[in-house]
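I have placed the structure first, in the form of structure tokens, so that the comments after it can refer back to it.
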Amino acid sequence: MGEVDTSKKVADRYLKREVLGEGTYGVVYKAIDTQTGQTVAIKKIRVGKQKEGVNVTALREIKLLKELKDPNIIELTDAFPHKGNLHLVFEFMETDLEAVIRNHNIVLSPADIKSYIQMTLKGLAFCHKKWVLHRDMKPNNLLIGPNGQLKLADFGLARVFGSPDRRFTHQVFARWYRAPELLFGTKQYGPGVDVWAAACIFAELLLRQPFLQGTSDIDQLGKIFAAFGTPTPSQWPDMVYLPDYVEYQYAPPSALRKKFSMASDDAFDLLSKMFTYDPKARISVQQALEHRYFTSAPLPTDPDKLPRPAPKRESVNSKASDFNPNEAPTVLSPPRKSRRVMPERGSFEGNASQVDKVDDHIGDIRLAAGESTSRNEPAPMSVDFSIFGAKPPNRPTINSADRTHLKRKLELDFQQPE
Ligand SMILES: Nc1ncnc2c1ncn2[C@@H]1O[C@H](COP(=O)(O)OP(=O)(O)OP(=O)(O)O)[C@@H](O)[C@H]1O
């Protein structure tokens, strides 16, 4: 009884306005917080319809996410269940980095790019210090506020609500930012997955278009290998033990320095270190922030001086509306481990419509151990990240009978005054 009243009271705090868009976890509304007069964004997450019921860990972790407060993280100001859905309330942001990158009326100077990537890394560093991974970094998850401040959105949601369902259209784009260890099915991922994604975003800021546009997970790896060269066992010793590992035909690294000719030597050096294959050897976010790129001229632009587009049009989810069903991913699935994939030279040059090149014959492929690799090969680093949260998320579920209890618990948790 009291439970229902409380729920209504909490929900009545917010006056819903228009739909801003729909993402992986549900619909996002613009709303007014009647207590503060502030505009907020409310993400309505469909927990009621999930077959397995509400995730117990989710509710606990949502509470933890509320504690994540940093200038480069979107603040989760409130969370409450309402009509079988979980509502997450966030500070409202005007635009996002994808809109900045795609707007070709906007010129991004090297100092602007440095500022945007530095804010991205600062937000990541804060969360990694708290042992929270993002796992779904992409430019449209990097929101931009009225004073130019970039803030990471959706932090921890992948862990709380499980891996996004890639059948949804908008997930087609998320693949482009996935680290090779995730594409090979690792269960033991760490903060390196966010570093790889940040590197893809860094590359995209430089190129003004997505760097590695795979049309399927296999094609994504093909694009990565075509760009950086197929990894040798000496570059990434654990690769062959990954669950979905398949042997790819050896491809030498492409002329990446030429592709990134607009980047300074420092920018290119940092980018290369963030794109290290072996997650254990990949530069950490903290180390990236300490890279000389950030202290060498030009210094990062002040956020309030950064070029950015006009606030977003309302009720438009550009990703979903841009989606072309003809470009839906085609996954070719020959038997695991008995397939070999041939990275296509030049296919990483931004052509998303290439189909996979899969060859079922194992034969003349050699990944020569110790074979000398590229001049662009990043210098291996000796830090062992395996101590850093490398355990897979533990997501026990409950049945619907327990849901009422959890709903009540969540209400109590989030009713505490700030
Ligand atoms: N805090 C916010 N302020 C303003 N708009 C927001 C906010 N959070 C999300 N949005 C907008 O709501 C829409 C849906 O966002 P959401 O994060 O759910 O999905 P997405 O980013 O489009 O895709 P995905 O779920 O795959 O990341 C987007 O247009 C996004 O820009």
Side-chain angles (χ1 to χ4, degrees), residues 14 16-33 36 38-47 62 65-66 68-79 85-103 119-120 123 133-178 182 193-194 197-198 200-201 204 210 308-323 328-329:
Y14 303 99
K16 269 186 189 171
R17 297 280 189 242
E18 70 273 3
V19 171
L20 291 166
E22 182 165 6
T24 312
Y25 303 103
V27 177
V28 181
Y29 297 92
K30 190 173 185 177
I32 307 294
D33 181 347
T36 62
Q38 303 263 347
T39 304
V40 294
I42 302 187
K43 193 166 277 198
K44 188 169 111 182
I45 297 180
R46 293 167 293 238
V47 285
I62 285 286
L65 292 182
K66 245 189 117 199
L68 287 182
K69 287 190 181 150
D70 180 80
N72 297 113
I73 302 292
I74 288 281
E75 191 176 344
L76 173 61
T77 57
D78 195 4
N85 295 305
L86 183 60
H87 290 64
L88 304 182
V89 184
F90 296 96
E91 58 182 311
F92 182 82
M93 301 293 277
E94 284 187 351
T95 186
D96 61 53
L97 193 64
E98 189 189 29
V100 172
I101 293 171
R102 299 286 168 274
N103 186 331
M119 289 191 280
T120 305
L133 306 184
H134 193 291
R135 263 181 35 176
D136 196 24
M137 293 269 294
K138 49 195 171 178
N140 68 315
N141 273 341
L142 305 180
L143 304 184
I144 297 173
N147 54 1
Q149 204 73 24
L150 178 146
K151 300 186 182 215
L152 277 56
D154 284 356
F155 230 106
L157 291 192
R159 177 178 158 122
V160 177
F161 297 107
S163 265
D165 186 338
R166 249 149 267 287
R167 283 170 308 171
F168 291 121
T169 54
H170 45 264
Q171 282 305 317
V172 172
F173 303 93
R175 177 185 302 111
W176 300 341
Y177 307 90
R178 281 170 78 78
L182 288 175
V193 300
D194 290 337
C200 295
I201 293 165
E204 193 165 328
R308 54 186 191 276
K312 260 190 173 178
R313 270 186 304 143
E314 288 165 347
S315 313
V316 170
N317 181 346
S318 61
K319 285 273 176 176
S321 55
D322 286 347
F323 176 67

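Every number for a ligand or one of its atoms is a count from 1 in the order of the listing. Heavy atoms only: backbone and side chains are in, while hydrogens, waters and symmetry mates are out.
- Set against the non-hydrogen atoms of Gly23, the atoms of ligand 1 under 4.0 Å away are 16 (P), 18 (O), 19 (O), 23 (O), 25 (O).
- Heavy-atom contacts of Asn141 reach the following atoms of ligand 1: 21 (O), 27 (O) (cutoff under 4.0 Å).
- Of all atoms in ligand 1, numbered sequentially from 1 with element shown, those under 4.0 Å from a heavy atom of Leu143 are 1 (N), 2 (C), 7 (C), 8 (N).
- The CG atom of Leu142 lies 11.5 Å from the OG1 atom of Thr95; values are rounded to the nearest 0.5 Å.
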* Asked: So Glu204 and Arg102, side-chain contact (heavy atoms from CB on, under 4.5 Å) or not? Walk me through it.
  -> CA-CA 10 Å; Glu204 193 165 328; Arg102 299 286 168 274; 2.7 Å; yes
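- Across every non-hydrogen atom of Met137 and Tyr177, the tightest pair is O-CB, 3.3 Å.
- The shortest distance between side-chain heavy atoms of Pro139 and Asp96 does not fall below 4.5 Å.
- Below 4.0 Å from some heavy atom of Phe92 lie the following atoms of ligand 1, by number and element: 3 (N), 4 (C).
- When non-hydrogen atoms are compared, ligand 1 lies under 4.0 Å from the backbone of Leu20 as well as from its side chain.
- Of the heavy atoms in Lys30, none comes closer than 4.0 Å to ligand 1.
- Distances shorter than 4.0 angstrom do not occur between any heavy atom of Glu94 and any atom of ligand 1.
- Separation of atoms CG (Leu20) and CE (Met93) is listed at 13.0 Å; rounding is to 0.5 Å.
- The structure places CG of Leu97 at 6.0 Å from OG1 of Thr120, a figure rounded to the nearest 0.5 Å.
- Each of Val89, Leu88, Ile42 was compared with Asp78 under the side chain to side chain contact (heavy atoms under 4.5 Å, CB included) criterion, and only Val89 meets it.
- Remark: ligand 1 and Ala41 share no N or O pair separated by less than 3.5 Å (distance only, no angle test).
- Listed by atom number, the atoms of ligand 1 under 4.0 Å from Lys43 heavy atoms are 16 (P), 17 (O), 18 (O).
- Heavy-atom distances between Lys138 and ligand 1 reach below 4.0 Å in at least one pair.
- The side-chain heavy atoms of Ile32 and Val40, taken from C-beta on, include no pair separated by under 4.5 Å.
- Close approach to Glu91 involves these atoms of ligand 1, each under 4.0 Å from a residue heavy atom: 1 (N), 2 (C), 3 (N).
- Checking Ile45, Val28, Val40 against atom 10 (N) of ligand 1, the nearest heavy atom belongs to Val28.
- The atoms of ligand 1 that sit less than 4.0 Å from any heavy atom of Asp154 are 17 (O), 27 (O).
- Taking the charged nitrogens against the carboxylate oxygens, Lys151 and Glu75 have no contact shorter than 4.0 Å, which rules out a salt bridge.
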